[in-house]
Amino acid sequence: MEVLWMVPLLLLPLLMWTSSTFVFYFKKCFYVAWMMCLALLAIPLCILKSGGRDIENMRIIRSLVRHVKYLLGLRFEVSGWEHLQTEGPYVIISNHQSSLDVLGLMEILPDRCTMIAKKELIYAGTVGLICWLGGIVFINRKKTSDAKSVMADAAKTMLDDQIRLWVFPEGTRNQRGDLLPFKKGAFHLAVQAQVPIIPVVFSSYSNFYLRKEKEFRSGTIRLKILPKIETKGMASDDVSSLCDKSFNVMRSAYLDVSDSVTQSNGPTRH
Ligand SMILES: CCCCCC/C=C\CCCCCCCCCC(=O)SCCNC(=O)CCNC(=O)[C@H](O)C(C)(C)COP(=O)(O)OP(=O)(O)OC[C@H]1O[C@@H](n2cnc3c(N)ncnc32)[C@H](O)[C@@H]1OP(=O)(O)O
Ligand SMILES: CCCCCCCC/C=C\CCCCCCCC(=O)OC[C@@H](O)COP(=O)(O)O
């Protein structure tokens, strides 16, 4: 009889586990489904506004995505806005942790700015179509020569059409608590177009979003926009040192901003 009252006590951790796992899947599915619906709404708006693929469609996409953070319980704290007050084209580089990065990206996205993405994204249903309509430049990561020539064309388009490009130089999503070594494409792009690079760091999501542990709580994300790095006068020989320099400033900013956000959000339970 005495052990019987312990049953609910033993069940309690199990219940808590299932509920947090349930919340994780619920929020993830909701996020994907909601973005798909928003994209479905955005498609006719973009077509009516610009008649097809046009960078100006990013304004519509940006304004439609901005409320999604509230639905997921996320807060963004942005610093360094002044560094985005740069005239003309530039390349933004940022770390890439998850598809949730789109929310932070839309929080600070300047006008006339689109992204470089893997070509597989075009097959993501309505989201794929909206990416195409927003002028996203698709690259084939498996074929370096193709990717390079697409990026060389993009360098020319940046200048001809006065556009800005957002690149994730890690080349893939990464939540390992540190940055992955950078690929060189973003730096070749900036040097070829002779435009500045503006680094942006997103603080670590590990205090509210843990993919392996299936946890997705509410949380704050710090977004830090760093001072621009000029590339005027640089040639392809300078790309490696430019890449290293950018990596070093971003890595220290990332560790710094992730530390400060963990302290104010409370430490991870794992
Ligand atoms: C309304 C509601 C809608 C709601 C839904 C929609 C919401 C929003 C829509 C927007 C969402 C957009 C989100 C977009 C996110 C997408 C994120 C991604 O897809 S990330 C993955 C794709 N991105 C990248 O891969 C970019 C970074 N990669 C690179 O830059 C790579 O360098 C490369 C792909 C160009 C080449 O790859 P790889 O061969 O692996 O790379 P390296 O080792 O870096 O290069 C090999 C050598 O080649 C040289 N190189 C590289 N690039 C160039 C170049 N452009 N010109 C000349 N040479 C180049 C490089 O220097 C290397 O040579 P080395 O001698 O070793 O130096
Ligand atoms: C019919 C196909 C259905 C596909 C469903 C996918 C829909 C996604 C829906 C909502 C999320 C909106 C944000 C989309 C942008 C996410 C871009 C992204 O994060 O791509 C991953 C890529 O950077 C790195 O890929 P890998 O880590 O190398 O792999």
Side-chain angles (χ1 to χ4, degrees), residues 27-46 49 55 57-68 72 91-107 109 113-156 158 165-176 180-193 197 202 205 211 235-244 246-247:
K27 281 173 104 170
K28 280 208 84 163
C29 292
F30 172 78
Y31 176 57
V32 172
W34 191 245
M35 293 297 253
M36 290 283 198
C37 293
L38 288 173
L40 190 62
L41 175 66
I43 291 165
L45 295 178
C46 289
K49 183 179 166 151
I55 195 156
N57 288 334
M58 272 299 166
R59 287 175 191 268
I60 296 174
I61 299 169
R62 181 176 65 188
S63 59
L64 282 172
V65 170
R66 286 238 173 121
H67 68 284
V68 178
L72 297 175
V91 174
I92 298 181
I93 53 173
S94 77
N95 55 319
H96 191 18
Q97 298 179 71
S98 131
S99 61
L100 290 174
D101 294 349
V102 170
L103 304 181
L105 180 152
M106 291 300 169
E107 214 45 34
L109 191 77
C113 184
T114 191
M115 299 100 219
I116 298 229
K118 58 176 184 179
K119 71 166 181 31
E120 292 81 355
L121 198 58
I122 208 164
Y123 305 114
T126 53
V127 165
L129 186 51
I130 209 65
C131 288
W132 182 82
L133 287 168
I136 289 187
V137 177
F138 296 101
I139 55 166
N140 183 352
R141 293 182 297 181
K142 288 176 205 103
K143 276 189 139 181
T144 306
S145 58
D146 281 9
K148 282 188 206 172
S149 78
V150 169
M151 287 180 84
D153 287 348
K156 201 176 161 305
M158 276 182 95
L165 278 173
W166 188 305
V167 188
F168 293 96
E170 290 170 288
T172 186
R173 283 166 292 178
N174 156 43
Q175 268 192 288
R176 270 157 264 185
L180 293 178
F182 285 175
K183 306 266 183 188
K184 303 263 177 66
F187 308 96
H188 280 287
L189 179 69
V191 166
Q192 281 163 14
I197 291 175
F202 291 72
Y205 295 172
R211 211 173 354 210
S236 63
D237 283 350
D238 303 309
V239 163
S240 287
S241 63
L242 176 67
C243 178
D244 291 346
S246 309
F247 180 84

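As the structure lists them, so they are numbered: ligands from 1, and atoms in each ligand from 1. Bear in mind that the values here come from a model prediction, so they are computed numbers and not experimental data.
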Next item on the list: Say whether Glu170 and ligand 1 are in contact under the criterion: heavy-atom distance to a ligand atom below 4.0 Å.
Entry: no
Checking a contact table here: which protein heavy atom is nearest [atom], and how many Å away?
| atom | answer |
| --- | --- |
| atom 26 (C) of ligand 1 | Phe168 O, 3.5 Å |
| atom 20 (S) of ligand 1 | His96 CD2, 4.0 Å |
| atom 3 (C) of ligand 1 | Ile130 CG2, 3.7 Å |

Part of [X] with heavy atoms under 4.0 Å of ligand 1, whether side chain, backbone, both or neither:
| X | value |
| --- | --- |
| Ala117 | both |
| Leu38 | both |
| Lys183 | both |
| Ile139 | side chain |
| Ile60 | neither |
| Met115 | side chain |
| Thr172 | neither |
| Lys118 | both |
| Val65 | side chain |

Would you be so kind as to tabulate the donor-acceptor pairs closer than 3.5 Å made by side chains of residues 30-46, with sequence neighbours excluded?
{"unit_1": "Tyr31", "atom_1": "OH", "unit_2": "Ser99", "atom_2": "O", "d": "2.9"}
{"unit_1": "Trp34", "atom_1": "NE1", "unit_2": "His67", "atom_2": "NE2", "d": "3.0"}

Check: Between Lys142 and Glu120, is there a salt bridge with N-O shorter than 4.0 Å?
Finding: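 Answer for the salt bridge query: yes.
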Check: For ligand 1, which atoms have a heavy atom of Ala186 less than 4.0 angstrom away?
Finding: 30 (O)
Item checked: Enumerated ligand 1 atoms positioned under 4.0 Å from heavy atoms of Gln192 ->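 The atoms of ligand 1 under 4.0 Å from a heavy atom of Gln192 are 56 (N).
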For [atom], is there a protein heavy atom at a distance under 4.0 Å?
| atom | result |
| --- | --- |
| atom 50 (N) of ligand 1 | yes |
| atom 55 (N) of ligand 1 | yes |
| atom 40 (O) of ligand 1 | yes |
| atom 65 (O) of ligand 1 | no |

Note to self: Can you list everything that forms a side-chain hydrogen bond (donor to acceptor under 3.5 Å, both in side chains) with Gln192? Sequence neighbours excluded, please.
What the structure shows: none
Notebook entry, point to check: Sequence neighbours excluded, which residues qualify as side-chain hydrogen bond (donor to acceptor under 3.5 Å, both in side chains) partners of Arg211?
Noted result: Gln175
Tabulated below should be the N or O atoms of ligand 2 paired with protein N or O atoms at under 3.5 Å; can you produce that?
{"unit_1": "ligand 2", "atom_1": "23 (O)", "unit_2": "His96", "atom_2": "NE2", "d": "2.5"}
{"unit_1": "ligand 2", "atom_1": "25 (O)", "unit_2": "Lys118", "atom_2": "NZ", "d": "2.9"}
{"unit_1": "ligand 2", "atom_1": "27 (O)", "unit_2": "Thr172", "atom_2": "OG1", "d": "2.9"}
{"unit_1": "ligand 2", "atom_1": "27 (O)", "unit_2": "Arg173", "atom_2": "N", "d": "3.2"}
{"unit_1": "ligand 2", "atom_1": "27 (O)", "unit_2": "Arg173", "atom_2": "NE", "d": "2.8"}
{"unit_1": "ligand 2", "atom_1": "27 (O)", "unit_2": "Arg173", "atom_2": "NH2", "d": "3.3"}
{"unit_1": "ligand 2", "atom_1": "28 (O)", "unit_2": "Arg141", "atom_2": "NH1", "d": "2.9"}
{"unit_1": "ligand 2", "atom_1": "28 (O)", "unit_2": "Arg141", "atom_2": "NH2", "d": "3.2"}
{"unit_1": "ligand 2", "atom_1": "28 (O)", "unit_2": "Thr172", "atom_2": "OG1", "d": "2.6"}
{"unit_1": "ligand 2", "atom_1": "29 (O)", "unit_2": "Lys118", "atom_2": "NZ", "d": "3.0"}
{"unit_1": "ligand 2", "atom_1": "29 (O)", "unit_2": "Arg173", "atom_2": "NH2", "d": "3.0"}

Check: Can you find a heavy atom in the side chain of His96 that is under 4.5 Å from one in the side chain of Asn174?
Finding: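 Heavy-atom side-chain distance check fails, nothing below 4.5 Å.
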Next item on the list: In sequence, state the C-alpha distance, the side-chain angles, and the governing distance for Trp166 and Thr114, and then conclude on side chain to side chain donor-acceptor pair (under 3.5 Å).
Entry: CA-CA 6 Å; Trp166 188 305; Thr114 191; over 6 Å; no
Next item on the list: Give the single entry among Val102, Asn57, Leu103 that approaches atom 7 (C) of ligand 1 most closely by any heavy atom.
Entry: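 Selected option, by shortest heavy-atom distance: Val102.
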